[in-house]
Amino acid sequence: MRIASYNINGINGRLGILIDWLDETQPDAVCLQELKCDDGKFPASALEKAGYAAIWQGQKSWNGVAILSRGREPVETQRGLAGEAEDGQSRYIEAAVNGVLIGCLYLPNGNPAPGPKFDYKLRWFERLRERGKALLASEAPVALVGDFNVMPTERDVYAPDRWRDDALFRPEVRKAFGEMIKDGWTDAVRNLHPDENIYTFWKYWRQSFERDAGLRIDHFLLSPTLLPRLTESGVDRHIRALEGTSDHAPVWIEIADAG
DNA sequence: ATGCCCGATCTCATCGGA
């Protein structure tokens, strides 16, 4: 079973790229972030023609997350995170797909830091952590998938010293990610490739992709009950090279069938 | 130290992204 994550940065503006990539790589489940469209403008019928059922949590202009499932309906288990009643930002949706519980998330960017946006990021991270604890306690096979907006280690940044004070790399945020690892989650891609420089995002500016000046910020956190089935991971870098593409590349993992 | 490049928006400029 292939599970992919893709921050598409505007789903309707890049629908052709998305459909072609689905046809090419045929992931079984896809977590999308930054839809940048409200619920009514989500391209459900085009995706259905491509063979994918979907659930989504849209929002006009910003944010927005979706889970696609190839050939079967995702069974929604939650949308949004508890703990902040006034939160109108669409950043979390969760569903069971083929026996795996998948939480699709788009963690807040948090810049500028310090400031209210950074505070919101840290609160959101804690709310995710709480949801994660409940999922771990269930002992279900779970993957928390998406754009975490954090580089967990120096290896995940092309130039760490330039990012020290950034909301994606500040100690508070890396610590929050580390707390989830302590809770029992495993960073799937890093687990398979401990010593490689792997990036999933490159700025549009200054020919970042051509220079491979990237960041690894799109992650898969696996529960201990799912981790033994992890076999492979990769980044579809050729998608980032296309004209009119997102600033993120799709990332994927392979999960073996349940024993 | 700042902007660069992008998408969305009732656009001709601003915000948010990371």
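Quick note: numbers below take in every heavy atom, side chains included, and nothing from hydrogens, waters or symmetry partners.
Remark: the separation of the P atoms in B/dC10 and B/dC6 is 23 Å, to the nearest Å. Spacing between B/dA1 and B/dC15 at atom P, rounded to whole Å, works out to 23 Å. On the C1' atoms, B/dG16 is 16 Å away from B/dT11, given to the nearest whole Å. Using P as the reference atom, B/dT2 and B/dC12 are 26 Å apart when rounded to the nearest Å.
To the nearest angstrom, P of B/dG16 lies 12 Å from CD of A/Gln59. Between the CG atom of A/Leu15 and the C1' atom of B/dG7 there is a distance of 15 Å, rounded to whole Å. Atom pair A/Ile8:CD1 and B/dG17:P shows a separation of 18 Å (rounding to whole Å applied). Atom CD of A/Gln207 and atom C1' of B/dC6 are 16 Å apart (whole Å). One atom, OH of A/Tyr106, and another, C1' of B/dG7, lie 12 Å apart when rounded to the nearest Å. Following rounding to the nearest Å, A/Asp247 (CG) and B/dG16 (C1') show an atom-to-atom distance of 12 Å. We find that NZ of A/Lys36 is positioned 10 Å from C1' of B/dC15, with the value rounded to whole Å. Nucleotide B/dG7 holds its C1' atom 13 Å from the CG atom of A/Leu35, rounded to whole Å.
Residue A/Asn12 is out of contact with every strand shown, counting any heavy-atom pair closer than 4.0 Å. Residue-level contact check: A/Phe148 touches neither bases nor backbone, having no heavy atom under 4.0 Å from any strand. Among the heavy atoms of the strands lying under 4.0 Å from A/Asp147 are primed sugar atoms or P, OP1, OP2 only; no base atom is included.
Only one option out of A/Leu105, A/Ile102, A/Leu101 pairs with A/Glu94 in a side-chain contact (heavy atoms from CB on, under 4.5 Å); it is A/Leu101.
For the OP1/OP2 pair of B/dG16 and a distance below 4.0 Å, the side-chain nitrogens and oxygens of A/Lys60 include no atom meeting the criterion. Taking side-chain N and O atoms only, A/Lys117 has a distance below 4.0 Å to OP1 or OP2 of B/dG16. Put simply, A/Arg14 has no side-chain N or O that comes within less than 4.0 Å of OP1 or OP2 on B/dC6.
A/Lys117 and A/Asn111 share no donor-acceptor pair across their side chains, judged by distance under 3.5 Å alone.
With the nearest nucleotide of DNA chain B identified for both A/Ser61 and A/Asp166, A/Ser61 has the one nearer the 5' end. Sequence order on DNA chain B of the closest nucleotides to A/Asn111 and A/Asn9 puts A/Asn9 first from the 5' end.
For the pair A/Arg164 and A/Phe169, the cation-pi test (distance below 6.0 Å, angle within 45°) is failed. For the pair A/Arg170 and A/Phe118, the distance from NZ or CZ to the six-membered ring centre is under 6.0 Å and the angle to the ring normal is within 45 degrees.
Under a 3.5 Å cut-off, the side chain of A/Tyr204 and the backbone N or O of A/Asp247 do form a donor-acceptor pair.
The A/Tyr204 side chain lies nearest to B/dG17 when the options are B/dG16, B/dC10, B/dG17.
By the 4.0 Å N-to-carboxylate-O rule, A/Lys133 lies close enough to A/Glu130 to be salt-bridged with it.
Donor-acceptor pairing under 3.5 Å, judged by distance alone, is present between the side chain of A/Trp205 and the base of B/dC5.
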